[in-house]
2 protein chains.
Amino acid sequence: MRTSSNAPASPQPAQAAREIITRHGGRVTRTRVAVVEALQGSTQPLSHEELGAALAAIDIPHDRVTLYRALDWLVEQGIARRIAGSDRAWRFEMVRPHSHRHAHFHCDRCGQVICLEGLQPSSRVNLPDGFHLDRAELVLHGACATCGIQGLTPETTDED
Amino acid sequence: MRTSSNAPASPQPAQAAREIITRHGGRVTRTRVAVVEALQGSTQPLSHEELGAALAAIDIPHDRVTLYRALDWLVEQGIARRIAGSDRAWRFEMVRPHSHRHAHFHCDRCGQVICLEGLQPSSRVNLPDGFHLDRAELVLHGACATCGIQGLTPETTDED
DNA sequence: ACGCTAATGCTACAATGTTGCAATACCAAT
DNA sequence: ATTGGTATTGCAACATTGTAGCATTAGCGT
């Protein structure tokens, strides 16, 4: 609801999205193209709600289920990545080569998730036996600049 | 549903829980005592479902709402901490002095969350202007020993 | 242009979490 | 120990997020 990258009427950039979809053996549909474009146009993970708004903005009649399934497919194909927000809503981001490992900032006020490129979790960890590690993610909790209020989370009393 | 620390019939240990609750100016109720005990008795974050099972096991008639509110209060008081699981269910753990910063392993199969003491996220991060950091959490994604299957998440193709 | 089938778009449903309010039980004062 | 005020509970109803089934639509190869 803050992303202003809703490709207004640009049929050309859509090619990149179409190609990605085709390369993965999927059918190029309005929904998928629009979702990929929205994801590509945003530097931050987007929720279903935000994606839905993006689709509505470019006049694509869709319902929640279709969006869910388009996203599911993208995740399945390794095109997008799903991350859990501070609220219990999924957010999605493109899997970009240079962003394999980066941190996410979760605003505990508005629930927004923000990518922090350049931050890498320390990857040297030893898991218990039988555990398989897929990826590590550094999650920072706090308040984003917009919410900016402090002292609302009494459960964290250490400031180190 | 896997925690076997359901204080069967031990009225004594309950004292510790009662004291914690009293110290925070709350009324000592069956539900709160049982929840605190369950949380204290577990080394891993527990979901509402698991907590509910624990309460049922010691014959405390409760409903979901009561449990939710007891948990809310504990989090408000800084007694417990709420963390978002890989599924969209909250998990809770006691806020222990020596566990302020530790990693969480999320099994993407069963959704279970496991604490990994001894692991600390690198805390030196520089956030954008206006951002306020409450706490950092290192989240590891993968499969736990029980699920143990690999290759189910095509979105992660790097194994470094 | 045609046909096969993936993908959509309904509707209905499941799981998780929240709100309002009357009844209950905790705790303190008598 | 009884009583009373009020924090908590417990119920019912609702909100949000995500899923399942299935008939219809639309991609894409022929």
Side-chain angles (χ1 to χ4, degrees), chain A residues 1 14-15 17-36 45-53 55-56 59-77 79-80 82-92 108 110-111 113, chain B residues 1 14 17-36 45-53 55-56 59-77 79-80 82-92 108 110-113:
Chain A
M1 44 185 64
Q15 274 314 126
R18 305 177 72 92
E19 193 199 308
I20 291 176
I21 296 169
T22 303
R23 189 163 53 221
H24 285 268
R27 288 188 180 176
V28 178
T29 66
R30 293 178 302 179
T31 307
R32 283 182 183 167
V33 173
V35 168
V36 169
L46 299 176
S47 63
H48 272 105
E49 189 188 348
E50 294 167 320
L51 254 350
L55 291 217
D59 149 68
I60 296 187
H62 63 287
D63 68 337
R64 291 162 14 85
V65 181
T66 300
L67 180 51
Y68 276 112
R69 286 198 270 231
L71 256 349
D72 281 349
W73 183 80
L74 291 176
V75 171
E76 238 172 62
Q77 296 300 317
I79 299 173
R82 179 183 357 226
I83 61 180
S86 3
D87 45 5
R88 60 216 146 290
W90 294 117
R91 315 244 162 182
F92 297 83
D108 290 331
C110 62
V113 179
Chain B
M1 46 180 62
R18 306 177 70 89
E19 193 198 308
I20 291 177
I21 296 168
T22 303
R23 189 164 54 222
H24 285 268
R27 287 190 180 174
V28 178
T29 65
R30 292 178 303 180
T31 307
R32 283 182 183 166
V33 172
V35 168
V36 169
L46 299 177
S47 63
H48 272 105
E49 190 187 349
E50 294 166 320
L51 255 347
L55 292 218
D59 149 69
I60 296 189
H62 62 286
D63 68 336
R64 292 163 13 88
V65 181
T66 300
L67 180 51
Y68 276 114
R69 286 198 269 232
L71 256 349
D72 281 349
W73 183 82
L74 291 176
V75 171
E76 238 172 61
Q77 297 300 316
I79 299 171
R82 178 185 356 227
I83 61 181
S86 5
D87 47 5
R88 60 211 152 294
W90 293 118
R91 315 248 161 178
F92 297 83
D108 291 330
C110 63
Q112 188 184 177
V113 179

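None of the values given here were measured: they were computed from a predicted structure.
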Q: Starting at atom CG of B:Leu67, determine the distance to atom P of C:dT18, rounded to an integer number of angstrom.
A: 12 Å
Q | Interatomic distance where NE2 belongs to B:His24 and P belongs to C:dC26 [whole Å] | A | 20 Å
Q: Check every strand shown and say whether B:Thr29 touches a base, only sugar-phosphate, or nothing at a heavy-atom separation below 4.0 Å.
A: sugar-phosphate
(Q) Distance check needed: C:dG20 C1' versus B:Tyr68 OH, whole Å only. (A) 18 Å
(Q) On the nucleotide C:dA25, are OP1 or OP2 found under 4.0 Å from the side-chain N or O atoms that B:Arg27 carries? (A) no
Q. Which part of the nucleic acid, if any, lies within reach of B:Arg69 when heavy atoms closer than 4.0 Å are counted: base, sugar-phosphate only, or nothing?
A. base
Q | Opening and closing nucleotides of DNA chain D in contact with chain B, under 4.0 Å to non-hydrogen atoms | A | D:dG5 to D:dG18
(Q) Any non-hydrogen side-chain atom of B:Ile21 less than 4.5 Å from a side-chain atom of B:Trp73? (A) yes
Q: Can you measure from CZ (B:Arg64) to CG (B:Leu71) and round to the nearest 0.5 angstrom?
A: 12.0 Å
Q.
Nearest whole Å is fine: how far is C:dA22 P from B:Asp63 CG?
A. 17 Å
Q: Return the orientation label for the A:His48 and A:Tyr68 ring planes: parallel under 30°, perpendicular over 60°, tilted otherwise.
A: tilted
Q | Whole angstrom value for the distance that separates C1' of C:dT8 from CG of A:Leu71 | A | 15 Å
Q.
In the structure I gave you, are the side-chain heavy atoms of B:Ile20 and B:His24 within less than 4.5 Å of one another anywhere?
A. yes
Q: Between B:Val65 and B:Thr31, name the one whose nearest nucleotide on DNA chain D is closer to the 5' end.
A: B:Thr31
**Q.** Separation of atom CD in B:Glu49 from atom C1' in C:dG17, rounded to whole Å
**A.** 14 Å
Q | Nucleotide C:dA6, atom C1' - distance to CD1 of A:Ile21 in whole Å | A | 13 Å
Q. Out of curiosity, A:Arg32 CZ to A:Arg69 CZ, how far, rounded to the nearest 0.5 Å?
A. 11.0 Å
Q.
Reading DNA chain C from 5' onward, which residue's closest nucleotide shows up sooner: B:Asp87 or B:Arg30?
A. B:Asp87
(Q) Distance check needed: C:dG9 C1' versus A:Arg64 CZ, whole Å only. (A) 13 Å
Q.
Of the options C:dG17, C:dT19, C:dC10, whose atoms approach the side-chain atoms of B:His48 most closely?
A. C:dG17
